Amino acid sequence: MSVFISRSAEETKKVAAGFALTLQAGSVLALVGDLGSGKTCFVQGLAKGLAVPDTIPVSSPTFVLIHEYPGGKLPLFHFDFYRLEKAEEAQALSLEDYWEGNGVCVIEWADRFPKLFPEKTKWVHFKFLGENEREIRC
Amino acid sequence: MKVLGIETSCDETAIAVVEGKKILSNVVASQAAAHAPYGGVVPEIASRHHVENLPVILEMALKEANISLEKIDAVAATHTPGLLGALLIGLQFGKSLAFALQKPFIGVNHLEGHLASVFLENEELEYPYLGLIVSGGHTHLYLVKEFGCYQLLGATRDDACGEAYDKIAKMLGLGFPGGPLLDKTATRGNPKAFRFTQPKVGECLDFSFSGFKTAALLFVQKQNGNTSQQFVQDLAASFQEAATNFLLDRLVKATKQYKLKKWAIVGGVAANSALRKKIAAVSSEYDCRTFIPSLPLCGDNGAMIAYVGSQYLKKGFASPFSLNAQATSELPS
């Protein structure tokens, strides 16, 4: 496991872009960390690392639950379980189809329903250390 | 032409019947929940609830419009953007209805629906105009050149405005729905009590709301658990002041840049009372005309979908039954 201390959004994105190089079709990345700890920012870096075209900015999928970004080296599926209350609500998103799909799945607030994830899942933990300091463990 | 509009891009199951600009009915599942005879209509998140809600909402929409299904001239349904599973259900429902009725079908872009929602209540609005979509899922500023022709001027780089409202409301223990509750709480607070730095987005017209969220979190953490009612009200008011100032700052910047003095502010957050007040004040300062939908047309609804659908049909467009749902899309430019 690697531990990074990021001192800016740009640094978090760089860590993620590097991490993106290790991913393949069917990779599942589960992100865990408080509000404002850099999860969405990390996904922006992943998108960059996967060469997702920047015509559609990567933004938080909290409301719509899934954002899909095609067009990169691999399609990127960006989930957010923040506002889901029951595991059934998450299951209703046909998660298995995505886990076994042709792209990279990255899930914010994954620890809300940890049992829904396949064994191959890579877990990434974020910690809010201070106004301009975040810890990323992956 | 009486058009049935179906909207299921996210949480709401909504169906409306629209004739020209006249809304014959406009039923949304969350509002419908209050209708006792149709009890059991629950606006839950999972897509399968759309399946359960749609037949009930359809019946209500037809009854309210006082017409039978056979009298519908065309069917419109949202096909993009949104949650794929949710979109598919409304889209299939709409296509099946149109097929069975042997009437034209048209797929509609959800964002185009919001941008056009102002036409349903305004005779005076003419193209071009600046359209700000501000909701739980979107914060997009468009130059609307003409019907079907949109230039994206800026979008959020992180959280949507309504999402920041909901998350800060949750931090403050205000419950759900966070946005309207925060709006209400803020009216009793001091908007100058806490200083929120305006997001640094440079010269472009993009938006950013995650910085507000982090700043609010730091203010809450500094209280070490002692969050008095006064603190909550003041923080709500200060955040709201900063967020609405930021939205207005973008609009004013676009107004100057594009020399366009017509604004349409649409989407769920357009129902926010502080934003509506501020828009009224700032727009008169800059001599701009503003168009904001009435509250039932701010949130997701079927009327805006029916209206956009009818406009496309009038121009001779219709969608094939092979039309698929798409989670992500851009508006035609």
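Every chain is numbered from 1 and lettered A, B, ... according to where its sequence line falls, protein lines coming before strand lines. Note that these values count all heavy atoms, side chains included, but never hydrogens, waters or copies made by symmetry. Just so we're clear, the structure is a prediction, and the values are computed from it rather than from any experiment.
Proximity to chain A (any heavy atom under 4.5 Å) is shown, for B:Thr156, by both the backbone and the side chain. There is no contact between A:Val43 and chain B, counting heavy-atom distances below 4.5 Å. Using a 4.5 Å cut-off between heavy atoms, B:Ala160 makes no contact with chain A at all. Contacts of B:Leu84 with chain A are made by side-chain atoms alone, with heavy-atom separations under 4.5 Å and no backbone atom involved.
Taking CG of B:Asp166 as the start and OG1 of A:Thr62 as the end, the distance is 9.0 Å to the nearest 0.5 Å.
Remark: the backbone N or O of A:Glu68 is paired with a side-chain donor or acceptor of B:Thr328 at under 3.5 angstrom.
Within residues 131-138 of chain A, the residues approaching chain B closer than 4.5 Å by heavy atoms are, in numerical order, A:Glu131, A:Arg134. Along residues 45-55 of chain A, the residues that come nearer than 4.5 angstrom to chain B, judged on non-hydrogen atoms, are A:Thr55 in order of number.
The two residues A:Val64 and B:Gly137 make their nearest non-hydrogen contact at CG2-CA, 4.4 Å.
When side chains are defined from C-beta on, A:Tyr82 counts as touching B:Lys167, because their heavy atoms get closer than 4.5 Å. Annotation: side chain of B:Leu83 is in contact with side chain of A:Leu93 (closest heavy-atom distance under 4.5 Å). When side chains are defined from C-beta on, B:Asp158 does not count as touching A:Ser60, because their heavy atoms never get closer than 4.5 Å. You'll find the side chain of A:Phe63 stays beyond 4.5 Å of the side chain of B:His138, heavy atoms only.
The number of heavy-atom neighbours closer than 6.0 Å to NZ of A:Lys122, taken from other residues, nucleotides and ligands shown, is above 12. By the neighbour-count criterion of 12 heavy atoms within 6.0 Å, atom NZ of A:Lys120 is densely surrounded, having more than that number from other residues, nucleotides or ligands.
Among the candidates B:Lys213, B:Glu163, B:Gln326, the residue making the largest number of heavy-atom pairs closer than 4.5 Å to chain A is B:Glu163.
A salt bridge links A:Arg83 with B:Asp11: at least one charged nitrogen is closer than 4.0 Å to a carboxylate oxygen.
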